[in-house]
Amino acid sequence: MGAVTLKVGDLDAMIRYYRDGVTLELLGHDGPVAVLGRGTTPIVILEFAPELRHAGPRSAGLFHTAILFDSREALAAAVYSVALKYPGTFTGSSDHLVSEAFYFSDPEGNGVELYVDRDRSQWSWTHGQIEMATMFLDPNRYLTEHLTQLAADAATAGTGLGDAIVGHVHLSVGDIPSAREFYVDRLGFETTTMYGSQALFVSAGGYHHHMAMNTWNSAGAGRRGPALGLGKVEIVVPGADDLGDLGERMSHYGVATRDDGRTLAFDDPWANLIEVRAAD
C-alpha cells in the first residue's frame, strides 16, 4: 500500500497530530499540501480543502488508515506519544492474533490504527482463510512491557523509532457483495477472510490484509459526494506490466479509468478514489 490522502479543514492542526502525536516526519509542505511519513516513505498526505464539510456518520469512506511499525518498541513509542499529547483520541486496542493494534481518531474524525505484526510463522491459515480475532489488549500493560527508555525519550521528543509504512487501509462501504466483486473479481486482490455480510478482508502475496471493507456504520451507503476525509488510496504493484494488465482488466469490466502513463486511477462503487502505480 502507498500513502493515504486526506482532505482536511485545518491543515496545521492535522500536521501537528500526525507529526507530534503519531510521530511521523514532515517530509514536505508545499502550500496546501503536507506529506508525512518515515524516512523517504510517505504515509499520510494532507490536502487543505476549506470549502468542504464533513460527510454524514453513515456515509461510505475511510474507516481507518493502518500504520505498520517494524517493532513492538517502535509501536509503543508512537502509542505513548499520542497518549501524552492527544489523550482524548484513543478509541481502543485489540490483539488480532496476526497483529497487535491500537486505535485512534484524528482531530477531524479519521480513523487511525497503529499496529505491529506478529511473525508470519505465528499466523494460522485454514482453507485459504486467515485466522483473526478481536481479543482484549491492555494498553497500560503493553506500554509497561514494551516502552523502553529509548522509546519513551523518542515519544517525548516526537521523533519516533524505526520504520513505518501503510500496512493496510480499511474502508466503510455500502455492501459486501459489491465490495467483493470490485476488489477481488475486478481489482485482483485475494479474499483472506469474511465476516458474513459485514466485513471483507483482502490481500496480495499472502499478507493478512492490505485492504478491508465493512458495513458496520455504512450499510446501504451510496456514492460519496465531495467531503472532508478520504481523498485517495494508493496501491503499488511490482511493475509496469502489472499496471498494464490491471488497465486491461478494468477496461474489460467497463470500469472507467484515468491513465497518465505512470498511474491508473479509478473510483470504487462508492466513489472512493483508488490510484495504482508501479513500484519505482
Side-chain angles (χ1 to χ4, degrees), residues 1 3-4 6 13-27 35-44 46 62-124 130-170 201 207-210 212:
M1 301 303 294
V4 172
L6 302 176
M14 292 287 276
I15 289 173
R16 288 193 297 270
Y17 184 81
Y18 284 97
R19 181 193 62 198
D20 303 339
V22 180
T23 68
L24 301 183
E25 302 159 15
L26 185 61
L27 305 182
V35 181
L36 296 103
R38 284 281 177 90
T40 59
T41 303
I43 293 176
V44 176
L46 306 176
L62 182 68
F63 190 71
H64 61 236
T65 301
I67 301 173
L68 173 62
F69 293 86
D70 61 0
S71 69
R72 285 185 168 105
E73 182 187 30
L75 173 61
V79 171
Y80 183 59
S81 176
V82 183
L84 278 177
K85 298 154 192 171
Y86 293 90
T89 65
F90 176 71
T91 59
S93 52
S94 294
D95 181 338
H96 293 302
L97 299 181
V98 295
S99 62
E100 297 163 333
F102 297 83
Y103 297 94
F104 303 87
S105 181
D106 76 17
E108 297 195 1
N110 301 292
V112 182
E113 177 183 339
L114 308 180
Y115 79 110
V116 67
D117 278 333
R118 281 199 167 90
D119 188 271
R120 288 193 181 213
S121 64
Q122 297 179 289
W123 300 0
S124 178
I130 189 76
E131 183 181 354
M132 292 192 289
T134 301
M135 304 190 304
F136 177 67
L137 181 64
D138 186 330
N140 293 314
R141 181 175 178 180
Y142 197 88
L143 293 180
T144 298
E145 293 178 349
H146 302 297
L147 186 70
T148 63
Q149 189 59 54
L150 177 65
D153 291 344
T156 302
T159 55
L161 288 178
D163 293 327
I165 60 172
V166 175
H168 63 269
V169 178
H170 199 143
F201 294 76
Y207 192 54
H208 54 72
H209 67 295
H210 285 110

Q | Shortest non-hydrogen contact between Met1 and Gly167, atoms and distance | A |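 That would be CG-O, 4.1 Å.
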Q) Should Phe104 and Val22 be marked as a side chain to side chain contact (heavy atoms under 4.5 Å, CB included) after you check the CA-CA gap, both sets of side-chain angles, and the distance that decides it? A) CA-CA 10 Å; Phe104 303 87; Val22 180; over 6 Å; no
**Q.** Atom pair CG/CG of Leu143 and Asp138 - distance to nearest 0.5 Å
**A.**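 Answer rounded to 0.5 Å: 9.0 Å.
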Q. Roughly how far apart are Leu26 CG and Arg19 CZ, rounded to 0.5 Å?
A.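 Spacing of CG (Leu26) from CZ (Arg19) equals 6.5 Å.
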Q.
Using every non-hydrogen atom in the two residues, find where His64 and Val112 come nearest and quote the distance to one decimal.
A.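 Shortest heavy-atom contact: CB-N, 3.8 Å.
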(Q) Would you say that Tyr207 contacts Trp123 through its side chain, given a criterion of any heavy-atom pair below 4.5 Å between the two side chains? (A)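 Heavy-atom side-chain distance check passes, below 4.5 Å.
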**Q.** Aromatic plane relationship, Phe63 with His170 - under 30° parallel, 30 to 60° tilted, over 60° perpendicular
**A.**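 Ring orientation of His170 relative to Phe63: tilted.
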Q: Taking the side chain as every heavy atom from C-beta outward, state whether Leu6 and Val44 have any atom pair closer than 4.5 Å.
A: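 With C-beta onward as the side chain, the pair touches.
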Q | Among His209, His208, His210, side-chain hydrogen bond (donor to acceptor under 3.5 Å, both in side chains) partner for His168 | A |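 That would be His209; it is the only one of His209, His208, His210 passing the side-chain hydrogen bond (donor to acceptor under 3.5 Å, both in side chains) with His168.
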(Q) If you count heavy atoms of other groups shown closer than 6.0 angstrom to CZ of Arg120, is the number above 12? (A)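 Yes, because the 6.0 Å sphere around CZ of Arg120 holds more than 12 heavy atoms from other groups.
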**Q.** Inter-residue atom distance Thr148.OG1 - Tyr80.OH, 0.5 Å rounding
**A.**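 If I round to the nearest 0.5 Å, the distance is 11.5 Å.
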Q) Which pair of heavy atoms, one from Leu75 and one from Val116, lies closest together, and at what distance? A)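 Shortest heavy-atom contact: CD2-CG1, 3.6 Å.
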Q. Taking the side chain as C-beta and beyond, is there a heavy-atom pair between Thr23 and Leu161 under 4.5 Å?
A.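 No, too far: nothing below the 4.5 Å cut-off.
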Q: Would you sort out whether Met135 and Leu97 count as a side chain to side chain contact (heavy atoms under 4.5 Å, CB included), showing the intermediate values?
A: CA-CA 8 Å; Met135 304 190 304; Leu97 299 181; 3.4 Å; yes
Q. Taking the side chain as C-beta and beyond, is there a heavy-atom pair between Val82 and Phe102 under 4.5 Å?
A.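 No - every pair of side-chain heavy atoms lies 4.5 Å or more apart.
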**Q.** Backbone of Leu137 reached by a side-chain donor or acceptor of Ser93 within 3.5 Å
**A.**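 Yes, the answer is positive, given that a donor and an acceptor are paired below the 3.5 Å cut-off.
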Q. Below 4.5 Å, heavy atoms only, C-beta onward: do Thr134 and His96 meet side chain to side chain?
A.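 Yes - at least one pair of side-chain heavy atoms lies under 4.5 Å apart.
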Q.
Ignoring hydrogens, what is the shortest heavy-atom contact between Ala155 and Ser81? Give both atom names and the distance.
A.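 So the two residues come closest at O-OG, 3.7 Å.
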Q: Give, for atom CD of Glu73 and atom CD of Glu145, the distance between the pair rounded to the nearest 0.5 Å.
A: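 That separation rounds to 14.0 Å.
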Q) Is there a side-chain contact between Met14 and Leu36, using heavy atoms and a 4.5 Å cut-off? A)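 Met14 vs Leu36: side chains apart.
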Q.
Using a 3.5 Å distance criterion without hydrogens, assess whether the side chain of Asp70 forms a donor-acceptor pair with backbone atoms of Asp163.
A.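 A pair under 3.5 Å: yes.
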Q.
Which residue is it: Tyr17, Tyr18, Tyr86? I am looking for the one with a side-chain hydrogen bond (donor to acceptor under 3.5 Å, both in side chains) to Asp106.
A.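 Checked Tyr17, Tyr18, Tyr86 against Asp106; only one passes side-chain hydrogen bond (donor to acceptor under 3.5 Å, both in side chains): Tyr18.
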Q. Taking all atoms of both residues into account, what is the closest heavy-atom pair of Gly39 and Glu25, and its distance?
A.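 For Gly39 and Glu25, the tightest heavy-atom pair comes out as N-OE1, 3.2 Å.
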(Q) The test is side chain to side chain contact (heavy atoms under 4.5 Å, CB included); show your working for Asn110 and Thr65 and say whether it passes. (A) CA-CA 8 Å; Asn110 301 292; Thr65 301; over 6 Å; no
(Q) Minimum heavy-atom separation for Tyr115 and Ala66, please, with both atom names. (A)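 Scanning both residues completely, I find the closest heavy atoms to be CE2-CB, 3.7 Å.
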Q | Gap separating the OG atom of Ser71 from the NE2 atom of His146, nearest 0.5 angstrom | A |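 It comes to 10.0 Å.
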Q.
Can you tell me how far apart CG (Leu24) and CZ (Arg38) are? Round to the nearest 0.5 Å.
A.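 Reported to 0.5 Å precision, the distance equals 6.0 Å.
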